[in-house]
Amino acid sequence: MASDEPFSEKLRVPEALTFDDVLLRPKESRVEPDDADMATRVSTNVTLNIPVLSAAMDTVTEAELAIEMAREGGLGVLHRNMTVEETAEHVETVKRADELIIRDVVTASPEQTVREVDRMMGKEGVSGAPVVDDDDVVLGIISGTDIRPYLEVGDRDEVREAMTDEVITAGEDVTAREALELMYEHKIERVPIVDEEERLTGLVTMQGILARREYDNAARASDGSLVVGVAVGPFETDRALAADEAGADIVFIDCAHAHNLDVIDSAREIKTQVDADVVVGNVGTREAAEAIVDFADGIKVGIGPGSICTTRVVSGSGMPQITAVAEVADVATQHDVPVIADGGIRYSGDAIKAIAAGADAVMLGSYFAGTDEAPGRVITMNGKRYKQYRGMGSVGAMKSGGGDRYLKDDPEDEEYVPEGVEAATPYKGSLESELHQLVGGMQSGMGYVGAETIPEFKERSEFVRVSSAGQTESHAHDVVITDEAPNYSPDN
Ligand code: XMP
């Protein structure tokens with residue numbers, strides 16, 4: 001008679017599950033998907049309006065994509081395959097993107113000629129400039145309309161003759177609403193910001209205020225700037241300090257195996273040196289979570305689930321993602337530390353399953369690599385458009401400096417043992433429309449479960465286990481797809 005007993009104790013092993021192994025059990029609901037509130041806490045001090053992060057990969061997140069992510073309510077995490085100085089520049093670019101008060105103000109001096117200022121404004125792409133003396137005291141403001149040819153100002157006249165000298169200024173504490181009221185009242189488009197001695201410290205423009213209004217769901221820090229995260233190597237204190245200094249909201253300790261005790265020691269030390277929150281990852285087990293939960297502001301989960309990852313086949317090690325998230329969340333929730341599920345998400349359904357398993361937010365790479373805002377150009381193969389997407393442990397990424405995530409820290413050693421591949425991903429158009437599909441699908445999942453907020457959804461959701469026949473049933477089947485859906489491809 002056959003026995004279920006294993007041949008050896010070593011084979012008495014627990015089962016670990018991933019996205020396709022489970023489905024959300026539908027429940028009684030009055031929640032319309034559109035009403036589901038997607039706000040979530042992603043680290044101790046940072047709240048997002050959608051629970052979505054873009055991966056710290058050199059084919060995914062640089063300043064351009066990070067700006068768009070934050071404008072849409074999520075968070076971009078800048079990759080670290082760049083110099084420390086470049087990291088600081090990218091952070092500053094994101095932080096400056098939607099700021100109310102512009103700091104890099106193009107100014108004119110009263111002695112310049114109208115022609116010089118006209119040229120300067122054209123070159124800098126601005127349509128007006130405060131006129132300041134040598135001490136930066138504001139004397140007037142000059143704009144395109146002051147120097148049009150039909151006015152009685154000659155090209156060679158000095159700016160002091162053409163400028164408007166009754167300038168409406170405001171102090172540093174001006175709000176967008178107050179600035180707008182000043183603009184309407186005085187029929188002007190820009191308000192110089194001055195200190196107590198009337199010295200110029202910045203500029204608020206109508207254009208800037210209107211741009212900010214367009215992004216009413218943006219994820220912003222308390223000073224109104226867009227939020228941004230930065231990946232740093234576990235031993236890269238210099239990058240962490242530079243990112244912090246430049247204003248990063250979260251430093252992500254970026255490591256393939258954060259249950260390495262040296263990594264934890266270093267992360268703990270970095271945490272004492274920066275003002276930004278520190279998220280630590282990646283981990284995939286309860287024990288790893290226990291080792292970092294006392295100091296981490298967030299824990300990132302994912303050992304080998306990523307689309308371009310080969311960690312599991314190369315090293316024989318890893319954790320299927322639903323189990324990994326659930327184990328880590330069991331520990332993190334008790335300490336009120338947010339959890340981020342990183343990697344392996346192909347569909348919006350996977351993303352909301354990760355949240356049901358206990359994550360507060362999800363991180364995606366391949367989903368965003370094909371968007372306009374991701375680095376790299378569009379390539380055409382066999383008439384279809386693609387963008388490059390590569391693992392940070394791939395040979396190409398390691399050659400350009402990113403190998404230490406995969407413990408290859410000797411730059412002289414050319415014989416890499418990669419844990420990722422270089423690939424191409426279909427070109428997808430704008431990040432905004434990808435996020436619309438992703439978040440819309442997640443909201444739909446919340447509707448099926450009857451939860452209006454992410455914390456409520458985490459509480460209320462339950463899984464059922466799916467057989468392989470059930471998986472087949474879940475996908476489009478027994479048909480030939482004639483038109484591509486914007487949120488589904490059977491090849492994912
Ligand atoms: P997706 O599935 O969204 O995964 O494309 C993105 C995540 O994959 C991780 N990553 C890697 N993992 N080898 C790995 O084992 C690699 O070369 C590699 N590069 C990225 C990373 O966590 C990312 O967020």
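All values below were derived from every heavy atom in this structure, side-chain atoms included, with hydrogens, water molecules and symmetry-related copies excluded. All ligand and atom numbering here is 1-based and tracks the order in the structure.
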Please say whether more than 12 non-hydrogen atoms of neighbouring residues, nucleotides or ligands are located less than 6.0 Å from CD in Q471. yes
May I ask you to check if ligand 1 and G306 share an N or O to N or O distance below 3.5 Å? no
Are E287 and H259 side-chain neighbours, meaning at least one heavy-atom pair lies under 4.5 Å? yes
M57 N/O to ligand 1 N/O under 3.5 Å: no
Salt bridge check: are D223 and K95 linked by an N-O gap of less than 4.0 Å? no
One finds that the ligand 1 atoms under 4.0 Å from a non-hydrogen atom of L364 are 3 (O)
Options G393, G318, A56, ranked by nearest heavy atom to atom 17 (O) of ligand 1, top entry: G393
What do you reckon, does Y367 have a nitrogen or oxygen under 3.5 Å from a nitrogen or oxygen of ligand 1? no
Could you tell me which atoms of ligand 1, counted from 1 in the order shown, lie closer than 4.0 angstrom to a heavy atom of N282? 22 (O)
Of D342, L53, T59, which has the heavy atom at the shortest distance from atom 21 (C) of ligand 1? D342
Grab the two heavy atoms, one from F19 and one from K353, that are nearest each other, plus how far apart they are. O-NZ, 2.9 Å
So, applying side chain to side chain contact (heavy atoms under 4.5 Å, CB included) with S43, which one of I340, L75, V279 is it? V279
Which of the numbered atoms in ligand 1 are below 4.0 angstrom from a heavy atom of G343? 2 (O), 4 (O)
Side-chain donor-acceptor distances from residues 55-69 under 3.5 Å, at least two apart:
unit_1, atom_1, unit_2, atom_2, d
D58, OD1, R390, NE, 3.2
D58, OD2, N81, ND2, 2.8
D58, OD2, R390, NE, 3.4
D58, OD2, R390, NH2, 2.6
T59, OG1, R390, N, 3.2
T61, OG1, S54, OG, 2.8
T61, OG1, A55, O, 2.6
E62, OE2, H79, NE2, 2.9

Atom indices of ligand 1, in the order listed, that fall short of 4.0 Å to a heavy atom of S307: 1 (P), 2 (O), 4 (O), 5 (O)
Side chain to side chain contact (heavy atoms under 4.5 Å, CB included) against A469, all qualifying residues, sequence neighbours excluded: S467
Per-atom contacts, ligand 1 versus S366 - under 4.0 Å to a heavy atom: 1 (P), 3 (O), 5 (O)
Numbered atoms of ligand 1 (with element) below 4.0 Å of M363, judged on heavy atoms: 24 (O)
Sub-4.0 Å atoms of ligand 1 with respect to non-hydrogen atoms of G391: 16 (C), 17 (O), 18 (C), 19 (N)
Carboxylate-amine/guanidinium proximity below 4.0 Å for D35 and R30: no
Could E9 and R12 be called an ion pair, given the rule that one side-chain N must be under 4.0 Å from one carboxylate O? yes
For R465, look at atom CZ and say whether over 12 heavy atoms of other residues, nucleotides or ligands are found less than 6.0 Å away. yes
Would you say G302 touches ligand 1, if touching means a heavy atom closer than 4.0 Å? no
Per-atom contacts, ligand 1 versus Y389 - under 4.0 Å to a heavy atom: 1 (P), 4 (O), 5 (O), 6 (C)
Quick one: look at R390 and ligand 1, take heavy-atom pairs under 4.0 Å, and tell me if it's side chain, backbone, both or neither. neither
Can you find an N/O atom of P305 closer than 3.5 Å to an N/O atom of ligand 1? no
